[in-house]
Structures are given as C-alpha cells and as structure tokens.
Asker: 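Before anything else, here's the structure in question.
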Amino acid sequence: MRPDDANIAGNVHGGTILKMIEEAGAIISTRHCNSQAGEPCVAALARVERTDFLSPMCIGEVANVSAEITYTSRHSVEVQVNVMSENILTGAKKLTNKATLWYVPLSLKNVNKVLEVPPIQYTRKEQEDEGKKRYEEQKLDRLETKQRNGDVIFPIINPDRQTKEPHTVGYSQSSLIHLVGPSDCTLLGFVHGGVTMKLMDEVAGIVAARHCKTNIVTASVDAINFHEKIKKGCVITISGRMTFTSNKSMEIEVFVDADPFVDEPRERYRAVSAFFTYVSLSKEGKPLPVPQLLTETEDEKRRFEEGKGRYLQTKAKRQAQMQQAAQQ
Amino acid sequence: MRPDDANIAGNVHGGTILKMIEEAGAIISTRHCNSQAGEPCVAALARVERTDFLSPMCIGEVANVSAEITYTSRHSVEVQVNVMSENILTGAKKLTNKATLWYVPLSLKNVNKVLEVPPIQYTRKEQEDEGKKRYEEQKLDRLETKQRNGDVIFPIINPDRQTKEPHTVGYSQSSLIHLVGPSDCTLLGFVHGGVTMKLMDEVAGIVAARHCKTNIVTASVDAINFHEKIKKGCVITISGRMTFTSNKSMEIEVFVDADPFVDEPRERYRAVSAFFTYVSLSKEGKPLPVPQLLTETEDEKRRFEEGKGRYLQTKAKRQAQMQQAAQQ
Amino acid sequence: MRPDDANIAGNVHGGTILKMIEEAGAIISTRHCNSQAGEPCVAALARVERTDFLSPMCIGEVANVSAEITYTSRHSVEVQVNVMSENILTGAKKLTNKATLWYVPLSLKNVNKVLEVPPIQYTRKEQEDEGKKRYEEQKLDRLETKQRNGDVIFPIINPDRQTKEPHTVGYSQSSLIHLVGPSDCTLLGFVHGGVTMKLMDEVAGIVAARHCKTNIVTASVDAINFHEKIKKGCVITISGRMTFTSNKSMEIEVFVDADPFVDEPRERYRAVSAFFTYVSLSKEGKPLPVPQLLTETEDEKRRFEEGKGRYLQTKAKRQAQMQQAAQQ
C-alpha cells in the first residue's frame with residue numbers, strides 16, 4: 001500500500017480495497033467461466049453483498065487478497081474474497097474484509113449475450129443448498145432495486161453549498177465527474193465494477209469529511225447492484241449526499257449516472273447506487289462522536305428515517321450474530 | 001489531492017491543476033457540441049489563455065473545479081474554468097485558478113473535419129460582444145504564433161550540464177521523453193491537451209529547481225496554442241530552458257516536439273511551446289530572491305531581453321488592473 | 001495487464017514486468033528479514049541477475065508472480081521470482097520470466113546500518129553449497145562494477161539528434177528526467193529498485209524504436225547492481241545509447257544519474273547502469289532484421305566491440321546449456 005492509496009492519516013481508502021477485491025473476483029470468475037471449451041467470455045460484476053471493513057489497513061502494509069468460488073447457478077458465479085492486511089515488519093496479520101460478489105459471463109463476441117456457467121463441485125450437499133438460498137435472496141433483491149431504480153427521480157444535487165449551514169445535507173453533498181478511459185475498462189470495453197466502487201468511495205469520503213471535519217474511514221458498504229454497463233468514452237457523474245447519522249456513524253447515499261454523450265443517442269441513465277457508512281476517528285484511531293445531520297426538507301427527513309431503519313436493522317442483525325457466536 | 005500530485009513541500013504541481021482544468025473544459029465542450037442531433041464529435045483543445053496560480057493547493061485538500069461555456073463562434077467554444085482549493089477539515093476555501101480555454105469540435109468519423117458548434121444563449125447582449133472581441137483577439141494571436149512556429153529553429157539543448165557553471169542557461173536546461181500511451185489520449189487517439197501541459201510543467205519545474213535549488217512553485221503560464229495534434233504511439237520530447245529571471249521570478253521556455261516514429265514517415269515536428277513563470281519559496285512559504293540567470297551566448301542575451309519585455313508588460317497590466325479595481 | 005502497461009502492439013513493457021518482479025522480491029525478503037524479533041528493517045535491492053524475457057505478455061492476460069527465498073548469507077537474501085502469463089480465456093499459461101534478486105536488510109531507524117539475515121533451512125546440503133557459490137560470484141561482480149563505476153566518465157549524451165544520420169549512435173540516443181515522488185519509494189524514503197528498472201526499460205525501448213522504427217520488445221537485461229540509494233525528492237536522469245547490433249538484436253546501455261538538488265549539498269552521482277537487449281518484431285510477432293548500428297567515434301567503435309563480446313559470450317553460454325539439457 002502506497003501513500004496515494006491512503007488518506008493523510010495513513011489509512012488506506014476503502015475504495016482502494018474494494019477495487020482490489022473486485023479485481024480478484026473478476027479474474028477468478030472469468031477464468032472459471034472459460035474453463036470449458038465454448039464461447040470465450042468475460043465475467044461482469046452484477047452485485048456485491050454488504051461488506052464490512054473490519055480493521056484499517058495502513059501505508060506500507062501488504063494486502064493479501066484471496067478469492068474462492070462458492071456457488072454457481074446457470075448464469076452466475078458467487079465469489080468469496082478475503083482481504084488480510086500484513087505488516088511485513090512485525091508479521092502481524094489482520095482480516096480487514098470479507099466480501100461476496102456475483103458475476104455474470106458475457107460473450108466476448110456479443111456483449112448482450114449471457115453464457116452458461118460450468119458448475120462447480122461441492123464437497124458437502126449443504127454447501128450447494130446454502131448457496132442456492134443466497135442466490136435466490138440476491139436475485140430477489142436485484143429485481144426489487146431494479147424496479148425501484150426505474151422510478152428514480154434524479155437527485156437535484158445543489159452545488160450552491162456556500163450558502164448552506166454546517167451539518168445540513170446541502171452543506172456536505174458533493175459530486176465528481178470522470179471521463180472513462182481505456183485503463184478503467186475490461187476487455188469488453190466496459191468499466192470494471194471496482195473502478196466504479198473506488199470512485200463512489202472517494203465521493204462518500206469527501207461528503208463525510210465535509211460533515212465532520214475529522215479523519216474519516218469507510219466502515220461498511222451495503223449491497224450494490226450493477227444493473228447497467230458503463231462504456232468507454234462515457235462521462236460519469238458520481239454524487240453523494242448524507243442521509244443519516246447515528247452517534248458514531250454517518251450513512252452516505254452515492255449515485256453513479258452515465259452520459260453516453262458521444263456515439264450513442266441514449267439519455268443519461270442511473271448506473272449504480274449504494275449506501276456507504278463512515279466513522280470519524282481521532283488521531284489515536286478511536287471513534288469520535290459525529291455531529292447530527294440537520295434535515296430541512298420533507299425528503300431529507302424521510303431519508304433520515306429510512307437510514308435509521310437500516311441502521312437499527314444492521315445493529316440488530318449483528319447482535320443476533322454475536323449471541324449466536326457466543327452460544328456456540 | 002494525493003502525495004503524488006505534489007512536490008516534497010506538499011504544494012500541488014501546477015501541471016496537476018492544469019490537467020484537471022483541461023479535463024473539465026474538454027468534458028463540457030464535448031457535451032455541448034454533441035447537444036444537438038448531428039455528427040458525433042470530440043472537442044479538441046486549441047488554446048489556453050494566460051493563467052495565474054493565485055494561491056497554492058496542498059496535499060489533502062479537495063479541488064473544486066467548475067466550468068462554464070462563455071462564448072461560441074461558428075467553429076469554437078470558449079470555456080471558463082475556476083478552481084477552488086478546499087480544506088475540508090477547516091472548511092477554508094481559496095480561489096486558486098481562473099482559466100479560459102478554446103476548443104474546436106472534430107468529427108469522430110473524420111478527425112480532420114471541424115464541425116459546427118451549436119450557439120449558446122446570452123443573458124445580455126454585451127456578453128456576446130465581449131466574447132466576440134476575445135474570440136477575434138485569440139484568433140489573431142493563434143495565427144501569429146503559427147507563423148512564428150513555422151520559422152522556428154529547433155533549440156539545441158545541450159545536456160552536457162556537468163561542465164556548466166551554476167546559474168547559466170546550460171546548467172539548468174532539461175528534457176524528458178514520453179511515450180504516448182492510451183490513457184494520455186481522447187477517444188480520437190490524440191493526446192489530451194492537459195496531459196501535454198502537465199508534462200510541460202514538470203520539465204519547467206525541474207529547470208527552476210535546478211537553477212535555484214529551493215522549493216519552487218508555478219506562478220503563471222502564458223497563452224498556449226495547440227497547432228498540431230499528437231497521436232498515440234508518438235514519442236514526445238519536452239525540453240525546457242530558462243530565459244529570464246527577475247528578483248523574485250524565473251521565466252522558462254518549454255517546447256514539445258513529436259516523433260511519429262512507427263507508422264508514419266513524417267518528420268519530427270514542433271507541437272506546442274509556452275513560457276512558464278516560477279517563484280522560489282522558503283519553508284514558510286514566503287517568496288525568496290532568485291539567483292540571476294547568467295547569459296553567455298548572443299541568443300541567450302536576446303532571449304533574456306525578450307523575457308524582460310514580457311515581464312514588464314505583465315507587471316504594467318497587473319498594476320493597471322489594480323488601479324482600475326481601486327477606483328471602482 | 002491493462003492498455004497502459006503495454007505498447008501499441010499490445011505487448012506488455014519489459015519494465016512493467018521487472019517492476020512486478022522486484023515488488024514480489026521486496027515483500028518476501030522484507031518479511032523474512034523481520035521474521036525474528038530484532039530491529040525492524042526494510043529489504044533494499046542490491047542486485048538483479050541477468051534476466052531473459054522468454055515469451056511476450058499481452059493486454060488482458062493475468063500475470064502470476066511467485067517468489068521464493070533460495071539462499072541467505074549473513075547480510076543478504078537471494079530471491080527467485082517466476083512470472084507466468086495466463087490467458088484466462090483460453091487457460092493457456094506460459095513462463096515469461098525467471099529472475100534472481102539479491103536484497104540487503106537496512107535498519108528502519110538507521111538507514112546506513114545493514115542488519116543480519118535470519119538463516120533459512122535447506123532441504124538438501126547441495127542447495128546451500130550452490131547458493132554459496134552464487135553468492136560469492138555475485139559479490140565479486142558487485143565489487144568489480146563498483147570499482148569500475150568509481151572511474152566512470154559521465155556520458156555526454158548529445159541531444160542534437162536532428163542533425164544526425166539515421167542508424168548512428170547519436171540519432172537514437174535519448175534521455176528522460178523524473179522527479180522522485182512518494183509512490184516511487186519504500187518506507188525508508190528510497191526509490192524501489194523496480195521503479196528504477198521500469199524507467200530504464202522505458203528509455204531503452206525508445207532508443208530501440210528510434211533506431212529501427214518498428215515494434216520492439218525487451219529480450220533480456222544483464223545483471224544490474226544497485227550501489228547507491230536514490231532519495232525521495234531527487235531528480236533522476238535516465239539516459240540510453242545503443243552500443244551494439246547483431247542481425248536480430250540491439251544492445252542499449254542505460255545510465256541512471258541522481259541530482260540531490262534541494263536539501264543536500266552533494267554532487268550528481270551515478271546510481272545504476274545496465275545493458276538491455278531488444279528485438280524488433282513484425283506485425284505477426286516474428287523477429288525482424290535490425291539495421292546495423294553506424295559507429296563514428298573511437299569510443300563508439302570500442303563499445304561496439306565490447307557489446308559484440310558480451311553477445312558472443314551469451315550465445316555460447318546458451319548453446320552450452322542447450323547441449324547440456326539435450327544430454328540429460
């Protein structure tokens with residue numbers, strides 16, 4: 001991990017880690033989908049499950065990324081990626097991330113054709129059943145968000161931040177534009193999912209830092225669905241706004257919109273959206289209290305309540321897991 | 001802004017800022033030129049007006065770049081770009097740059113065909129008249145430099161620096177070569193103007209640092225005309241030599257020459273040239289006196305006098321502006 | 001491997017591969033040297049043995065880099081690195097490189113202090129004996145080049161290429177300058193050996209392309225000794241000149257000189273030098289004849305003869321190895 005991978009406090013950006021995770025996932029699933037004679041294909045990221053950042057990674061540490069295919073359906077591959085940070089001076093290793101990604105093989109010759117996935121062998125029958133359950137759950141969630149995305153009204157991100165009061169939504173909202181170049185893309189000429197996630201994390205981090213004016217780090221990212229491909233030459237706009245704050249965390253909603261402005265007559269479209277959770281850290285790395293988000297409009301108040309719902313649900317789920325772990 | 005965007009003292013390179021400015025300009029003008037049904041096109045940088053670096057930007061700050069189209073002629077677009085540095089911890093913001101760029105739309109299908117620009121609407125009649133005046137002025141200047149460039153004799157930059165006395169022109173002159181890769185290029189396969197400017201600033205900065213052996217920063221860049229496109233796969237040579245020093249500033253002339261060595265039989269050609277002004281800063285960020293440039297040959301003496309002329313002219317213009325501002 | 005890692009013909013630059021090799025070597029040897037309680041240290045590259053590029057790597061392929069410690073002396077570590085290219089669409093794998101690197105552990109607290117290396121366990125006694133032999137040989141060669149470097153006269157690379165005839169030494173010679181930034185450096189603030197090698201290969205490639213004006217690729221690099229560290233903030237000048245051509249190959253000598261220009265009163269010094277061998281390829285990837293180098297001065301003729309000596313020696317060694325392999 002190099003200085004450019006990290007913030008000024010030396011913590012590696014969550015986005016840098018997400019990009020590595022996706023790279024590993026794309027390699028292992030493309031390799032698997034081409035392992036039998038047939039039409040050559042490239043695995044495209046369809047979805048990332050909720051991901052927690054368990055411990056920070058620092059400049060000078062070595063990231064060990066390992067990936068394993070854990071389930072295959074007819075047209076998709078589930079990959080489990082683990083990231084360990086290793087301090088090669090002390091030998092200390094820590095698990096920093098466990099992520100689950102779903103890929104779909106697209107034909108190299110016809111990018112709109114989804115190919116079949118060679119099935120993997122399971123050592124135990126339960127592995128297949130559990131995988132199938134995860135598959136059905138994510139499929140449902142993908143369908144639901146796709147429908148929701150259809151109705152989406154584009155956020156009016158008001159760049160007139162200057163006139164806003166600190167701690168309001170308008171004060172910290174941010175956006176950046178990026179011209180998609182060749183190094184951002186797969187062999188098919190579409191943006192790597194990891195590149196998109198890195199940019200999303202960058203915007204979310206700026207929103208969080210503007211809100212609390214301290215050193216901030218990514219704590220988690222909720223499930224992200226990649227419904228639409230983004231082509232080389234597009235300009236993408238990545239916008240972030242804070243939706244909710246608890247005592248020690250901030251939730252930021254991030255949108256990726258693509259303008260296929262040159263060679264296609266198509267309109268701007270919503271490519272991806274996701275919620276990032278950030279925490280604020282003191283110089284010693286301890287969590288700091290977060291200033292409460294001031295909501296002004298009805299929409300902001302509604303989104304705050306929805307964010308609170310997600311926060312409480314995640315908290316309850318984590319407590320249940322801990323109890324379960326304690327009982328075992 | 002990341003560590004790699006800046007020098008060791010933490011000041012962001014002028015070239016990094018110029019590259020961002022040009023990216024914003026290219027996006028907004030390409031988007032505008034494709035806003036009406038017609039042949040798809042990419043906006044190519046034709047000229048950057050003189051640009052001052054008003055205050056330094058530092059590692060960890062967020063750059064806010066905003067761009068607006070301020071004038072359109074039949075075949076060109078004028079873009080005004082403002083850059084603010086924002087310290088997201090303190091909330092402090094400063095204007096670091098105001099730049100004016102001219103773009104020309106080139107057809108995606110035939111790169112030598114200049115397309116028509118959709119006209120913009122002006123809120124006041126004077127905006128159009130003032131824009132037209134700026135358009136005529138820059139057109140004249142472009143023609144003039146084009147003619148001058150025709151006669152240009154290639155500078156013989158003698159790298160035998162070892163044997164040179166400190167503070168001579170030969171002692172600090174520098175050059176670098178760069179192989180134009182895919183990420184340097186637009187969809188048309190030509191180098192982004194911003195990439196060229198970043199490399200030019202890099203060479204100018206090394207010349208300045210070799211001359212005064214202190215921390216140096218870009219103070220301004222004079223108008224730059226882009227007469228010739230540079231294609232992917234070219235090797236470009238960027239050479240810089242000091243032309244003039246005042247008490248507190250250095251003027252460095254930078255040339256960009258292109259060798260289309262692989263697929264074209266064409267000769268090396270001069271692609272761009274410009275003057276960069278640098279200042280030397282103490283560790284506290286205060287301007288330091290600059291050692292006087294020692295001129296040896298007749299050419300060096302002539303260039304020194306020409307540089308002095310430009311320096312005095314800029315100084316007079318700035319004083320006139322300040323008086324005008326004081327009177328208002 | 002991305003578009004930016006390769007030339008326009010799609011072949012990954014030798015320098016990109018050398019950089020990966022060195023990164024792997026630095027990680028494994030730093031990890032090993034810190035594996036016992038004691039002063040923390042960073043492994044610094046001291047030497048790379050002659051390296052052949054056995055088969056080309058292409059955009060879209062995955063590089064598999066594996067590293068193993070094969071010998072330890074009291075103060076140095078020998079690392080063997082293998083690079084395989086993997087086409088994840090076809091599953092085809094090829095060995096592209098086998099490299100041997102020597103590292104020395106430097107104390108994190110005092111960069112001039114060389115620490116002791118924990119010994120490794122050998123499975124067979126011969127492994128240790130053979131390692132010791134390799135250790136003695138490289139030590140001798142390092143001493144010899146160090147002495148030679150002491151007497152080195154800085155090459156006067158005349159950039160007045162315009163006036164030179166094609167295929168002369170002066171026509172293709174090239175140089176670039178690079179400001180050493182934070183991402184180029186290890187935790188100790190010194191340039192990674194791999195970064196230096198990547199820049200050296202870049203210059204060598206431009207010299208080769210200027211000479212034969214075709215698609216060229218790195219065929220091999222002779223042993224490189226790293227006598228002097230290069231510090232963050234230095235400007236380094238990398239210069240290359242062609243020394244010898246056979247029917248199908250070119251030898252290019254590359255020098256790295258460092259100017260510690262800001263905070264140190266020290267003079268420019270020679271940091272590294274090496275010979276790169278390039279071959280010219282047709283569009284179908286077949287080796288092409290190389291135009292003979294035209295030597296003009298006595299020095300150029302002497303260097304040509306020396307290059308011829310190295311070429312014949314390598315050729316003889318390779319034939320001996322092939323005979324040996326055939327007999328086994």
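Chain letters run A, B, ... following the sequence lines, proteins first and then strands; every chain starts at 1.
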Asker: Please look at C:T30 and chain A and tell me whether the side chain, the backbone, both or neither of the residue comes under 4.5 angstrom of a heavy atom of that chain.
Answerer: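 Backbone plus side chain of C:T30, per the 4.5 Å heavy-atom cut-off to chain A.
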
Asker: Taking atom CZ of C:R2 and atom CG of A:D184, what is their separation to the nearest 0.5 Å?
Answerer: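 Answer for the CZ-CG pair, C:R2 versus A:D184, is 8.5 Å.
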
Asker: With chain C, which of A:D5, A:T186, A:I88 has the greatest number of heavy-atom pairs at distances under 4.5 Å?
Answerer: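 Result: the option with the highest number of such pairs is A:I88.
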
Asker: Using heavy-atom distances under 4.5 Å, tell me whether C:E23 contacts chain A through its side chain, its backbone, both, or neither.
Answerer: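 The side chain, not the backbone.
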
Asker: Could you state the interatomic distance from CD1 (A:I59) to OG (C:S183), rounded to the nearest 0.5 Å?
Answerer: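 If we round to the nearest 0.5 Å, A:I59:CD1 and C:S183:OG are 8.5 Å apart.
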
Asker: Quick one: which of C:A37, C:C33, C:P40, C:P182 has the most heavy-atom pairs under 4.5 Å with chain A, could you say?
Answerer: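 Looking at each option in turn, the highest pair count goes to C:P182.
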
Asker: Indicate the atoms forming the closest heavy-atom contact of C:L89 with A:N34, along with that distance.
Answerer: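 Shortest heavy-atom separation between C:L89 and A:N34 comes out as O-CB, 3.0 Å.
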
Asker: Check whether C:L187 gets within reach of chain A through its side chain, its backbone, both or neither, counting any heavy atom under 4.5 Å.
Answerer: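 For C:L187, the side chain is the part near chain A, not the backbone.
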
Asker: Between CD1 of C:I27 and CD of A:E86, what distance do you get to the nearest 0.5 Å?
Answerer: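 Taking CD1 in C:I27 and CD in A:E86, the distance rounds to 8.0 Å.
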
Asker: So which part of C:L108 gets closer than 4.5 Å to some heavy atom of chain A, the side chain, the backbone, both or neither?
Answerer: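 For C:L108, side-chain heavy atoms alone lie under 4.5 Å from chain A.
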
Asker: So what's closer than 4.5 Å to chain C heavy atoms on A:C41: side chain, backbone, both or neither?
Answerer: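 A:C41 touches chain C through backbone heavy atoms alone.
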
